[in-house]
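Taking it in order: structure first as structure tokens, then the write-up.
Residue numbers count from 1 along this sequence. Both counts, for ligands and for their atoms, begin at 1 and track the order of listing.
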Amino acid sequence: MTPQLWQAVDEYFTGALGADDEALAAAQRDAAAAGLPAISVSAAQGKLLNLLVRVAGARTILEVGTLGGYSTIWMARALPAGGRLVTLEVDPTHAKVAQANIERAGVADKVEIRVGRAADSLPVLHSEGWGPVDLAFIDADKPSNAVYLDWALKLSHPGTVIVVDNVARGGRVVEAPEDPAAQGVRKLVDAIHGDPRLDATAIQTVGAKGYDGFLMAVVKDVEG
Ligand code: SAH
Ligand code: DHB
Ligand code: MG
């Protein structure tokens with residue numbers, strides 16, 4: 001098994017089952033042209049997020065980590081009329097590229113990008129009374145995963161779905177526990193393990209983005 005084979009199998013499935021359309025492909029092209037790192041979710045993963053939004057019947061979504069808006073567009077497209085997605089991004093250049101991509105994809109009426117450190121934006125959203133959210137996608141600086149989980153919980157209701165990207169990182173979560181990103185994942189897992197409000201699992205993935213994984217949690221009862 002090789003990364004080339006994972007990529008080929010991803011291409012087979014996305015080709016056969018449908019993935020990027022012109023607006024999503026253009027979003028990736030413009031992000032690359034603007035020098036953004038190629039660290040978005042894959043097409044197959046983007047579609048999984050889209051399906052999860054629909055399975056959850058989500059009308060309100062929180063995203064932490066916008067980059068060029070690729071995952072944002074996949075999720076926003078699954079929202080019903082009147083649905084809202086707020087996405088948090090620290091880098092103004094990323095946010096500018098994302099805003100243009102989101103407008104071209106036709107979902108700007110549903111999406112708000114907040115520029116700033118997510119750890120600063122989240123308490124502001126909370127104090128504004130925003131939420132509760134039906135789904136949260138956490139995909140920013142990995143050492144802050146547990147902080148973002150805390151805020152996602154404050155913005156949640158029983159049934160809220162919380163998805164966290166990049167939890168396996170090529171196996172570094174167990175092979176390099178001193179790595180700050182691996183520590184961020186392990187702190188997140190410890191927090192979930194000790195929290196009676198959450199049921200969770202983590203699924204390892206291979207594909208166009210290499211070997212990584214998603215963690216998914218469902219909120220049982222926010223009163224604990
Ligand atoms: N969700 C995107 C990928 C996000 S990459 C997709 O799949 O398409 C991670 C993003 O988090 C980067 O754009 C990075 O600038 C942003 N980020 C890093 N630290 C952050 C912080 N403290 N607050 C908010 N965003 C942050
Ligand atoms: C990185 C971040 C991501 O969200 C991702 O999917 C892959 C890599 C990173 O910071 O290296
Ligand atoms: Mg990611």
Side-chain angles (χ1 to χ4, degrees), residues 3 10 19-20 23-32 34-50 52-53 61-78 85-102 105 107 111-125 135-152 162-173 176 179-185 188 202-216:
D10 242 16
D20 283 6
L24 284 161
Q28 295 294 56
R29 276 201 303 276
D30 283 6
L36 272 54
I39 57 172
S40 73
V41 294
S42 70
Q45 291 166 343
K47 188 150 183 193
L48 176 67
L49 291 171
N50 177 286
L52 284 175
V53 171
I61 300 172
L62 168 70
E63 179 177 62
V64 185
T66 315
L67 192 65
Y70 182 75
S71 54
T72 316
I73 293 167
W74 270 114
M75 292 190 287
R77 282 183 166 174
L85 186 159
V86 173
T87 183
L88 310 179
E89 175 54 56
V90 73
D91 186 315
T93 304
H94 295 188
K96 189 160 171 270
V97 172
Q99 184 63 39
N101 284 337
I102 287 160
V107 290
V111 176
E112 180 189 346
I113 304 175
R114 294 224 176 170
V115 182
R117 293 174 60 242
D120 297 331
S121 301
L122 284 159
V124 174
L125 279 170
L135 186 143
F137 180 49
I138 297 175
D139 189 21
D141 51 314
K142 312 309 170 188
S144 303
N145 272 341
V147 174
Y148 301 150
L149 174 74
D150 255 3
W151 283 107
I162 300 172
V163 178
V164 185
D165 194 24
N166 310 118
V167 297
R169 300 300 288 259
R172 287 200 294 284
V173 65
D179 174 280
Q183 276 170 20
V185 172
L188 171 83
I203 295 296
Q204 302 178 70
T205 58
V206 295
K209 293 286 164 170
Y211 165 33
D212 213 319
F214 277 119
L215 182 144
M216 184 170 131

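With ligand atoms numbered from 1 in the order given, ligand 1 contributes 21 (C), 22 (N), 23 (N) to contacts under 4.0 Å with heavy atoms of Y148. Numbered from 1 in the order shown, with element, the atoms of ligand 1 that lie under 4.0 Å from a heavy atom of V41 read 6 (C), 7 (O). Contact atoms of ligand 1 toward G116: 23 (N), 24 (C) (distance under 4.0 Å to a heavy atom of the residue). Residue A118 approaches ligand 1 through these ligand atoms, each under 4.0 Å from one of its heavy atoms: 21 (C), 23 (N), 24 (C). Proximity to D165 (heavy-atom distance under 4.0 Å) selects the following atoms of ligand 2: 6 (O).
Residue V90 places at least one N or O, backbone or side chain, under 3.5 Å from an N or O of ligand 1. Annotation: I39 places an N or O atom under 3.5 Å from an N or O atom of ligand 2; distance criterion only. Geometrically, ligand 1 and G69 share no nitrogen or oxygen pair separated by less than 3.5 Å. Considering backbone and side-chain N/O atoms, S40 never comes within less than 3.5 Å of an N/O atom of ligand 2.
Residue contacts with ligand 2 for K209 are absent, since no atom lies close enough (heavy atoms, distance under 4.0 Å). Residue contacts with ligand 1 for H94 involve side-chain atoms from C-beta outward but no N, CA, C or O (heavy atoms, distance under 4.0 Å). Using a 4.0 Å cut-off between heavy atoms, T72 makes no contact with ligand 1 at all. Contacts between D141 and ligand 2, counted as non-hydrogen atom pairs separated by less than 4.0 Å, are absent for every part of the residue.
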Starting from the C-alpha separation in whole Å, work towards a yes-or-no answer on side-chain contact (heavy atoms from CB on, under 4.5 Å) for D141 and V90.
-> CA-CA 10 Å; D141 51 314; V90 73; over 6 Å; no
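An angle of 90° is found at the Mg ion (ligand 3) between N166 atom OD1 and D165 atom OD2, rounded to 10°.
N101 contributes a side-chain N or O that, together with a main-chain N or O of G68, makes up a donor-acceptor pair within less than 3.5 Å. Counting only distance, with no hydrogens or angles, the side chain of N166 and the backbone of G213 share no donor-acceptor pair below 3.5 Å. Using modelled atom types, one side-chain atom of S42 and one backbone atom of Q45 make a donor-acceptor pair closer than 3.5 Å. Judged purely by atom type and a 3.5 angstrom limit, D91 uses its side chain to pair as donor or acceptor with the backbone of T93. Checking side-chain atoms of E112 against main-chain N and O of V86 turns up no donor-acceptor pair under 3.5 Å. Under a 3.5 Å cut-off, the side chain of D165 and the backbone N or O of F214 do not form any donor-acceptor pair. Panel note: side chain N145, backbone L188; no donor-acceptor pair is recorded below 3.5 Å.
The minimum heavy-atom distance between Y211 and G171, with the atom names listed, is CE2-N, 3.5 Å. Residues P37 and L67 approach most closely at O-CD2, 3.7 Å, considering heavy atoms. Across all non-hydrogen atoms, the minimal contact from T66 to A98 is CG2-CB, 3.7 Å.
Nearest non-hydrogen protein atom to atom 11 (O) of ligand 2 is R169 NH2, 3.4 Å. For atom 4 (O) of ligand 2, the closest non-hydrogen atom on the protein side is D139 OD1, 2.7 Å. Of the protein's heavy atoms, D141 OD1, 3.3 Å lies nearest to atom 19 (N) of ligand 1. Summary of contacts: the protein heavy atom closest to atom 6 (O) of ligand 2 is N166 ND2, 2.8 Å. In terms of protein heavy-atom proximity, atom 5 (S) of ligand 1 is nearest to I39 CD1, 3.6 Å.
Heavy-atom distances between Q45 and ligand 1 stay at or above 4.0 Å for every pair. Using a 4.0 Å heavy-atom cutoff, P37 is absent from the residues neighbouring ligand 1. Residue W74 places no heavy atom under 4.0 Å from ligand 1.
Considering only non-hydrogen atoms, atom 12 (C) of ligand 1 lies nearest to E89 out of R117, K209, E89, R114. Within the set L49, L122, V97, D139, the minimum heavy-atom distance to atom 4 (C) of ligand 1 is found for D139.
Checking D139 against the Mg ion (ligand 3), an N/O/S atom falls under the 2.8 Å cut-off.
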